**Q** 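Before anything else, here's the structure in question.
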Number of protein chains: 2
Amino acid sequence: MSTKAALNKRWQSGDNGLAIERLPAKESFKSRAYAALKEAITNMNIYGSDEPLLLDERDISERLGASRTPIREAVAMLEQEGLLKAVPRRGILVVRRTKAEMIEMIEAWAALESMAARLATSRASDEAIAELRAFFKEFDFNRIERERCDEYSTANIAFHQALIRLSGSSLLAAMTDNLFFHVRAIRHRTIFEMDRAQRSASDHLEIIQAIEARDADRAERLVRDHTLRLARHVESHVNLD
Amino acid sequence: MSTKAALNKRWQSGDNGLAIERLPAKESFKSRAYAALKEAITNMNIYGSDEPLLLDERDISERLGASRTPIREAVAMLEQEGLLKAVPRRGILVVRRTKAEMIEMIEAWAALESMAARLATSRASDEAIAELRAFFKEFDFNRIERERCDEYSTANIAFHQALIRLSGSSLLAAMTDNLFFHVRAIRHRTIFEMDRAQRSASDHLEIIQAIEARDADRAERLVRDHTLRLARHVESHVNLD
DNA sequence: TGCTGGTATTTGGTATGCCAAATTTCGAAG
DNA sequence: CTTCGAAATTTGGCATACCAAATACCAGCA
């Protein structure tokens with residue numbers, strides 16, 4: 001290979017075993033705006049009122065100290081993610097999910113997490129599963145009593161996330177994280193209802209036992225039914241729209 | 001309500017029974033660029049070579065007859081979707097999935113479609129299921145022989161999409177569509193291998209029968225195993241990376 | 001007082017231009 | 001002929017300006 005040719009493909013596959021990555025390169029305004037907006041939306045009580053929640057590009061760009069361009073790119077990403085919706089000449093509004101959509105999300109969650117449980121039974125190490133059990137101990141009813149339900153809900157989801165990570169599939173983790181984001185958004189309105197359906201510590205214990213026993217079918221079924229039960233609960237007890 | 005107050009909430013809920021929608025409002029360059037780029041990427045033989053596939057903002061904006069701004073927003077969306085990756089001072093490259101990622105996608109697909117099958121058994125009408133069977137007839141082995149495998153693969157995926165739509169969940173449909181996009185991308189390289197694992201018409205027939213019999217557990221299991229079989233096949237017979 | 005029409009303002013969409021980082025070019029040195 | 005490095009070029013990130021559509025405001029009329 002001539003020198004010239006070598007130069008021309010300088011970074012096409014420079015894989016010579018050297019395990020170094022491109023250095024962090026301070027993240028762009030676009031990325032920072034994306035993170036800031038997502039964070040802001042997360043901490044927003046989306047379902048607290050019925051008024052349309054709308055943002056203003058110029059206001060955001062001012063507050064973040066950047067021009068509108070990177071903000072608009074961040075908004076485009078969040079729009080793709082389904083969190084925002086830019087309406088021409090109106091504003092950028094935070095999307096509210098309907099009850100039907102929320103139920104679909106919980107069903108998708110049930111699908112993904114039950115698959116994760118199945119995969120975990122054949123892939124997770126005993127040690128990793130043990131960590132799950134240790135994690136589970138934190139879901140002590142005593143804690144539930146004395147801590148804010150809001151925090152408990154967060155911890156509850158963390159348990160499910162830990163379970164999903166046992167599958168070793170980063171895709172299942174990513175997909176459910178996105179679903180959890182939306183489901184968590186209605187916690188302000190439905191925290192009490194949802195927790196009642198979700199905090200069945202016995203369910204969690206059974207799930208862990210099934211995974212420990214490497215019983216794929218049982219683990220999958222328990223997780224699926226556990227989450228589908230939440231879906232049915234939301235269907236009959238939660239009021240959105 | 002005063003006139004002023006009425007004006008202030010003019011479009012919050014102007015629902016007075018008049019069944020007219022906001023007129024189409026010609027889609028923005030951003031949307032068109034997004035569609036055009038996605039279309040282009042779809043028709044691209046992503047795994048046909050090992051060279052990095054990179055795009056150029058200025059070139060694209062020229063060819064689409066728009067400025068770089070809307071193109072950049074479209075790219076940001078496709079980046080969020082995982083199809084592109086903009087690398088500063090390098091270019092916008094089309095993301096290639098590793099074999100491990102591809103397997104994770106097929107597993108997620110198995111999770112979502114098996115849930116769809118379960119839901120379909122309790123929600124789909126007999127008529128809708130019948131349509132599925134009619135659709136299935138197109139998957140005649142004779143056709144397989146005489147048509148291009150490429151087209152067959154597309155039709156095969158269409159069958160799975162039809163099944164998923166039976167669930168009535170547009171979310172499951174959307175999530176799997178996205179997965180199918182990626183899985184289809186490697187068809188050029190692995191079409192023969194993948195079809196061998198997927199074209200088991202008998203599997204499809206059994207699935208339909210299970211749904212017709214409203215046997216949720218069986219339908220779910222058949223769909224799951226059918227797709228997980230593809231995952232294992234890809235794992236052992238497909239060469240990526 | 002209440003409604004109407006016109007005007008000023010707001011707001012997202014798009015085009016342009018500049019900048020810094022990274023690459024490529026290319027000529028001089030060895 | 002290879003190597004080296006500085007200049008020229010390329011390329012994405014960002015800021016700014018302008019536009020058209022839609023809204024908000026307000027004067028004027030009934």
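Heavy atoms only: backbone and side chains are in, while hydrogens, waters and symmetry mates are out. As the structure is a computational prediction, the values presented were derived from the model and not from experiment. A note on names: the letters A, B, ... follow the listed sequences, proteins ahead of strands, and every chain is numbered from 1.
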**Q** Do NZ/NE/NH1/NH2 and the carboxylate oxygens of Glu27(A) and Arg32(A) come within less than 4.0 Å?
**A**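 Arg32(A) and Glu27(A): not salt-bridged.
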**Q** Using atom NZ of Lys85(A) as one end and atom P of dG12(C) as the other, report the distance to the nearest whole Å.
**A**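 Atom-to-atom, Lys85(A) to dG12(C), this comes out as 14 Å.
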**Q** Evaluate the ring planes of Trp109(B) and His160(B), with Trp represented by its six-membered ring, and classify them as parallel (under 30°), tilted (30 to 60°) or perpendicular (over 60°).
**A**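 Aromatic pair Trp109(B)/His160(B) classed perpendicular.
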**Q** Quick one about Tyr34(B) and Glu39(B) (side-chain donor to acceptor, distance below 3.5 Å, no hydrogens or angles considered), yes or no?
**A**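 There is no such pair (donor and acceptor under 3.5 Å, judged by atom type) between the side chains of Glu39(B) and Tyr34(B).
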**Q** In whole angstrom, what separates Leu93(A)'s CG from dT23(D)'s P?
**A**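 Spelled out: CG on Leu93(A) to P on dT23(D) is 13 Å.
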**Q** Rounding to a whole Å, what distance do you find between Phe29(B):CZ and dA20(D):P?
**A**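 Computing the Phe29(B):CZ to dA20(D):P distance gives 13 Å.
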**Q** What is the distance, to the nearest angstrom, from the CG atom on Leu84(A) to the P atom on dT11(C)?
**A**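 Interatomic distance, CG of Leu84(A) to P of dT11(C): 17 Å.
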**Q** Looking at every heavy atom in both Lys30(A) and Ala74(A), which two are closest together, and how far apart are they?
**A**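 Looking at all heavy atoms of both residues, the shortest contact is O-CB, 3.7 Å.
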**Q** Can you figure out which of dT11(D), dG13(D), dG13(C) approaches the side chain of Glu57(A) most closely?
**A**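 Among the listed nucleotides, the one closest to the side chain of Glu57(A) is dG13(C).
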**Q** Can you check the Asp56(A) CG to dT10(C) C1' distance for me, whole Å?
**A**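 Value for this atom pair: 9 Å.
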**Q** Given atom CD of Glu62(B) and atom C1' of dT16(C), what is their separation to the nearest angstrom?
**A**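 In whole Å, dT16(C) C1' and Glu62(B) CD are 14 Å from each other.
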**Q** Check each residue of residues 66-76 of chain A for a non-hydrogen atom within less than 4.0 Å of any atom in DNA chain D, then write out the ones that pass by number, or none.
**A**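 Nucleic-acid contacts, sorted: Ala66(A), Ser67(A), Arg68(A), Thr69(A), Pro70(A).
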**Q** Rounding to a whole Å, what distance do you find between Arg58(A):CZ and dT14(C):P?
**A**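 Rounding to the nearest Å, CZ of Arg58(A) and P of dT14(C) are 14 Å apart.
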**Q** Looking at Arg90(A) and dG12(C), is any side-chain donor or acceptor paired with a base atom of the opposite kind under 3.5 Å?
**A**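 Side chain to base: no pair present.
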**Q** Rounded off to whole Å, could you give me the CG-to-P distance for the Asp59(A) and dT11(C) pair?
**A**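 That distance rounds to 9 Å.
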**Q** Can you name the closest pair of heavy atoms from His182(A) and Gly82(A) and give their distance?
**A**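 Minimum heavy-atom contact is CE1-O, 3.9 Å.
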**Q** Just wondering, are more than 12 heavy atoms of other shown residues or ligands nearer than 6.0 Å to NZ in Lys38(A)?
**A**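 Yes, NZ of Lys38(A) has more than 12 neighbouring heavy atoms, counting only those of other groups under 6.0 Å.
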